[in-house]
Each structure stands twice: as C-alpha cells, then as structure tokens.
Amino acid sequence: MNMSSSRATLLPAETLARLYSVMVRIRLFEEKVLELFQAGVVKGTAHSYAGEEAIAAGVCFHLRPDDYIGSYHRGHGHCIAKGARMDRMLAELMGKASGYCGGLGGSMHVADMALNILGANGIVGATMPLGAGASLASQIRKTDQVTVAFFGDGASNQGVFHEALNLAAVWKLPMIFVCENNQWALNTSILKTSSVERISARAAAYNIPGLTIDGNDVLAVHEAAGEAVARARAGQGPSLIEAMTWRHTQHSLRVNLPDPRSQAAMDEWLARDPIHRFERWAHENTEFATQRAAIRRAAEQEIADAVAFGLAGDEPTLSQMFAAVLGPHLAHHEPGPTGSRTLTVSEALNEALHQEMARDDSVFVMGEDVAETGGLFQVSKGLSEKFGEARVRDTPISEATFSGAGVGAAIAGMRPVIEVQIFDFVTQMMDMIVNQAAKFRFMLGGKPSVPVVIRGPQGGGIRLAAQHSQSLEAWFAHIPGLVVLAPSTPYDAKGLLTAAIRDDNPVIFLEHKLLYHGPVGPVPVEPYAIPIGKASIKREGTDITVVATLAMVARALAAASALEREGISVEVIDPRTIRPLDEETILASVRKTGRLVVVHEAVKTGGFGAEVAAMVMEKAFDWLDAPVVRIGAPDVPMPFNPDLELAVIPSQKVIEDAIRTII
C-alpha cells in the first residue's frame, strides 16, 4: 500500500467525499464545456482544467469562505472548488446576462466576488500581484484570512513572479503561491524555457518554503496545502507549492495546431488521472465507497440543470454593458478657494492624505521612499509618524508588483494610494493599470469596485531629460474604466485628491513637478472634495477660449493678462478632470467666444488637445469663427540642455502668438 492509499484509508469518509465531489464536478463541467464548444453554444474559447482537478480540490479544501483566491485563464476548477455555482459559470461561458459576469467576462474571467475570488485572469502571472494585495489587506486589517494565487508554469518566468515572491516574503504576507506545472505553454515545453529543473527551487532565493508535489495526487495536495495554509494563518509568511500535473486537452479549446506532446507522455500521465487514482486508493474506505455513485449522480444532475439554466438566460443589453465600465461618482459640494491661508501644491496634497487617512482606516499609502523620506517631493511627509508603517509602506523597486498589490488591495476593500516616484516609471505598471484596474469591474459584470489612486509627478522643466520628464495623460485618457485627474492649483490639488481617494473607481492622479513648490494659493483648512468631471473657469473672457492643463494653466492665465492690454478678452478653462471630460463647460465657452486654443505640455501629436478639438468640431462647429488651434510639444523626447528644454515646452509667448493668429 503506498502513502496515498494509506492516507485514503485513514482520512474520514467526509473528507474523502468532499475531495472526490469537487474533482468529479470539475471534470463533468469541463467535459460539458467541450461538448458545448464543439456545438457552438460556448463561443470564443475556454481553457480546460481537466486532468488538474486534484490541485484545486486539495488546496481549496482548507480555505474558508472569507479567504481569497486568485485564478488565471485555466480557472474553472478553482472557482468550483471555492464554491461557485456551476449554472452561473456555464451561463457566463454562454455569454448570458445570468452569468457571474453578466456575459461580459467569459471563460477567462469567470469568478464570484461574493466568494472572495479575485477574478480569473487572462494575463499570465497577474494573479500574483493581485493576490499579494489581497493578503496585504488582510494583514493591515489584522485578520487571519489567507490568499492563494494559482498560476501556471509559464508564469514563473514572468518578472511579477519574482517581484511578488519577494514582496510577500519581505512583508510576511499570508499567501500561498500554487504553481500548476502542466509542463507546457501553448506549444512549448518548459524544458526549453526554464533554467531550473523545479520551479519550487526558486523559493530559496526569497527565503520561503518551496515544495514540489504530485499534483495528480489529491491527498498529497491536501496535505501540503494544509501545512502552507496553517503557516500563513499563523503569520509565518508565504509558501510556494509546485504541483506537477498534466492537462488532458491542448492549451485551449480553440487551438487548431498539432499537439507537440508525445503519445508516450500522454499515456503515462493519463494513467495517473487524479480521479481514477483516487477511486483506486479510496475503495477500501467502505463508508466512502457507498457514497461514490451518489456523488457522481448528483454532479451529473447539477450539470444538466446548469445547461438548462444557461440556455434559458437572456442576452446582456447595451445599457448593462455601459453601466459596467465605471461606478457612480460621489456628489460633492465645492467650497471654492476661500480663506487667507495659503499652501503649495505639495502641502495641499499632503494635507489631503493626512485628512483622508484620519477619516478612513482603509486608506493607506505605498510606494518607493514614501515613509520616512516622505516621498521625493515630500507629498507623504509625516504620514508614517502619524499612521504607522502598516499604512505607510516603503516598497521594493518593483513597480509592476506594488501597483498590482494596490489593485488587489482595492478589490479586497481597501483604498490604496500608490505613489509613482516619477511618472515615466508608470510604463512598468501598465498591465496592472490598463488590463487589471481599468477592466476589472467591467470583466466581472460591473459588480466590484476598484478604489485605487495612482499618483505622481509628470512633466518637464527641471532638467531631468527624456526618461523623467514625459507628460502621459493621453495614454490614460484613452482607456475606458479609468478616471484621470490633473490639478493646477493647491486648492484643486487638495480637493481632487480627496475626491479621488473617496471614489470607487481607479484614478490616475497627475501632478506636475513645477507646481509642487511653486506659487502658493488659498486652501480651506477643512476637508473638502471637488466633483469629478467638473472643469474650472479660471478666467472669464469673450473673444477666445483657451483650454489648458497642469503647468500650462498658469502660462495661459499670464498670456490672457498680457493680451488684455491689446484689447483681447481670453477665457481660460482648466478641465481638472481629463477623463471624464466636462464637455459642456468647454462647449458653452466656445459658443460664447467662437474660438478655441488647446494647450498642453505633452507632445502635440495624439495628445489630449486633439480629443478636445475633435469634440468641439463635432458638437460646436457652427459656433466656430476660426479653426481650432492645438499647442503642444514637438515630436521629440525631452532634451537635457536647458535652452532646448525651454524650446520644447510651450511658453507664454507661444500661447500669446497662437491666440493672435486667430483673433
């Protein structure tokens, strides 16, 4: 009798029945999905979990309903093992409104947030940073919840694998990394892509336990996972489990390529089928043996009912689709820049953080050098002394993972504020912002909230050259699901950051370096929030409208003052919110003045100004008395030389000359 046979004899029949039921339900689900895909009922694609059932069953056996799991594109089994309903899962694969994600997510994103499933993910490796964030939320809240991040062997060669292991180890997060090593990517063997024989060996580099087990032995998985979960719950930090397994089908049901796996290898692994092995081992447990047939009959009936449920479901509507993109913004009363007290932009942002962290325990700050240092531009100064290191965290230089952890923590109910030390570094975060934060609510049918703020300094003017001086607002304005804010005054900075933290959507919060310690302005002492999507008319005028952002607002105002001496009346509008844009304030101004100049520091080609110009041409063409003029940087990276830098950034004179050309 081998070890698993012995354990099967000794374990309670109830435990054996639970493990067996989960595996059988997963197998029957995947067999039905394949049948429905071939019949054209399930469309798109799906990635079958058949053959790997023992891993999800053995791991999730030890999880409570309030524990988190993060899944990936091969995630049906994880959801079923965590307790998801197969009828709503199947409806989702059919694209029905009755599916878990309202038909908006499909196979690769199916999940039940009520079960603390952090979504299934179509981006390889993404579940690890997101899972780190959920486990960080548990740690900050001082619960004993744990998080399991499931991922495939290919993800172990992603940078976020290493970053997440390191972050979880440094912070001793209650997390279990479970690598389902089925030994093949789409069509490439892991032997050709990995430098180590066992992925679990990589755990040693981060000083955490690493273990390789037979992933087709549900009892071995059950034992290893139980130890790792207990360790995480006790506050002893993360573990890495590598479960060796084999998928029964190709990478996805849609793949129409020759299967490169040898017949001998397939025969060997099919002989180790996790369900059949378990049945052989457990047959000596008489009490369990009497339940086997009933368990399978119940699973077959559940599948039949699930198919009927899915087929009977309605198609999602356009209104349901659009409503899933963003959560509603809160209504705020804006007090106006009143009072005699003045602050810099940096001081105003700092005050907003202090006040919101005092108001709401779920708000926390993390980023590079944000704690004792107070951030490169002192925006987080004094926060760690007041709120402690649990809520003000210095991170490793791992932008992809600490931004992803912020997204994961937001999904888990926190309100993270993530500092990007220099906004050019956001390129390292783009997957977590664009594919995760911006799309998570939508992919899960408009149910979850992702209240994360990603803030930091952009723009030139202080001789930091090409990789520390970009203005990137147009990138984010192009992405549905994001809110993009850009304050130009201390008053706006405090009120907009407050609104961003309180909002239930992911917010990109852009700050200009030149404004941090620039001109002071009146800022009310009491907490206040500025409505998202509301522009500010900084100066009223009648002859021409200038729409300006960030540091260009002050230059536009200076140009307006100078042109007033020439009898030209300039109205200056600061959108403050780049997305969603306050179109009506801009259109009302253009209908009054008949002329428009849009100015921003970002490169002119493809810039935010093009969107404003197009919007005005489409909606106020009949009121225009002259072509719309756009002002932006030429098509060059930011130079280091001071004279060249000044030549690239739009100046007051450039704005004045542009206005004169159309008056």
Side-chain angles (χ1 to χ4, degrees), residues 1-35 48-63 74-84 86 89 150 178 180-183 212-226 241-249 261 263-307:
M1 181 181 292
N2 64 31
M3 184 66 72
S4 291
S5 298
S6 176
R7 284 196 296 261
T9 304
L10 295 174
L11 284 173
E14 180 185 358
T15 297
L16 299 179
R18 279 182 58 190
L19 293 170
Y20 183 69
S21 175
V22 171
M23 290 194 293
V24 168
R25 291 171 67 238
I26 295 171
R27 177 67 59 85
L28 294 179
F29 182 88
E30 295 293 21
E31 290 174 350
K32 182 58 68 174
V33 169
L34 175 58
E35 176 187 324
S48 177
Y49 198 69
E52 305 183 17
E53 298 89 348
I55 305 171
V59 171
C60 291
F61 180 94
H62 299 283
L63 301 183
R74 202 175 306 283
H76 302 161
H78 310 136
C79 291
I80 292 171
K82 189 65 164 66
M86 289 199 290
M89 289 179 63
F150 292 101
V178 178
E180 299 179 327
N181 187 350
N182 64 33
Q183 306 166 66
T212 298
I213 61 173
D214 183 350
N216 280 22
D217 179 348
V218 69
L219 300 179
V221 177
H222 173 269
E223 182 177 16
I241 298 173
E242 177 187 21
M244 302 303 295
T245 188
W246 189 262
R247 62 174 193 250
H248 284 187
T249 63
R261 301 176 296 176
Q263 188 61 50
M266 286 194 276
D267 290 344
E268 176 190 348
W269 278 95
L270 288 173
R272 298 166 63 184
D273 178 279
I275 296 176
H276 296 160
R277 290 173 86 190
F278 183 79
E279 289 173 341
R280 291 196 301 270
W281 293 334
H283 78 278
E284 293 184 20
N285 188 308
T286 306
E287 185 179 353
F288 166 69
T290 61
Q291 301 178 47
R292 275 178 50 187
I295 289 171
R296 183 170 285 274
R297 284 195 302 271
E300 290 170 346
Q301 185 60 53
E302 185 181 4
I303 285 291
D305 293 343
V307 173

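Here the structure is a predicted model, which means the values were calculated and not measured.
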Begin from the C-alpha positions of Val24 and Arg292 and carry the test side chain to side chain contact (heavy atoms under 4.5 Å, CB included) through to its verdict.
CA-CA 10 Å; Val24 168; Arg292 275 178 50 187; over 6 Å; no
Using every non-hydrogen atom in the two residues, find where Ala57 and Val218 come nearest and quote the distance to one decimal.
CB-CG2, 4.2 Å
Are more than 12 heavy atoms, taken from residues, nucleotides or ligands other than Glu14, located less than 6.0 Å from that residue's CD atom?
no
Can you find a heavy atom in the side chain of Arg27 that is under 4.5 Å from one in the side chain of Asp273?
yes
State the CG-CE distance between Leu28 and Met86, to the nearest 0.5 angstrom.
7.0 Å
Point-to-point distance, once rounded to the nearest 0.5 Å, from CG of Asp267 to CZ of Arg272
13.0 Å
Hey, which of Ile213, Ile55, Asn181 is the one that makes side-chain contact (heavy atoms from CB on, under 4.5 Å) with Met244?
Asn181
Parallel, tilted or perpendicular: which fits the ring planes of His222 and His62, with parallel below 30° and perpendicular above 60°?
tilted
Are the side chains of Asp305 and Glu302 in contact, using a 4.5 Å heavy-atom criterion?
no
Mind listing the closest non-hydrogen atom pair of Thr245 and Gln183 along with its distance?
O-NE2, 2.9 Å
What orientation do Tyr20 and Phe288 show, parallel under 30°, tilted 30 to 60°, or perpendicular over 60°?
perpendicular
Is the shortest side-chain N to carboxylate O distance from Glu35 to Lys32 below 4.0 Å?
yes
Distance (rounded to the nearest 0.5 Å) between Glu53 CD and His248 NE2
6.5 Å
Where do Ala13 and Gln291 come nearest, in terms of heavy atoms and distance?
CB-NE2, 4.1 Å
Thr290 side chain to Glu287 backbone, donor-acceptor under 3.5 Å:
yes
Looking just at side-chain N and O atoms, do Glu180 and His78 make a donor-acceptor pair shorter than 3.5 Å?
yes
Gly215 versus Ala243, closest heavy-atom pair with distance
CA-CB, 3.8 Å
Kindly compute the distance separating CD (Glu279) from CE (Met23), expressed to the nearest 0.5 Å.
8.0 Å
Would you give the length of the straight line joining atom CG of Asn216 to atom CH2 of Trp246, rounded to the nearest 0.5 angstrom?
11.0 Å
Any heavy-atom pair between the side chains of Val221 and Asp217 that's under 4.5 Å?
no
Side-chain touch Phe278/Leu219, heavy atoms, less than 4.5 angstrom:
yes
Between Arg247 and Tyr49, is NZ or CZ placed under 6.0 angstrom from the six-membered ring centre and within 45° of the ring axis?
no
Search all heavy atoms of Ala50 against all heavy atoms of Ser48 and return the closest pair with its distance.
N-OG, 3.1 Å
If you look at every heavy atom in Arg25 and Ala84, which pair is closest and at what distance?
NH2-O, 4.1 Å
In Å, rounded to the nearest 0.5 Å, how long is the span from CG of Leu16 to CH2 of Trp281?
12.0 Å
Could you go through the salt bridge (charged side-chain N to carboxylate O under 4.0 Å, His left out) check for Arg277 and Asp214 one step at a time?
CA-CA 12 Å; Arg277 290 173 86 190; Asp214 183 350; 3.0 Å; yes
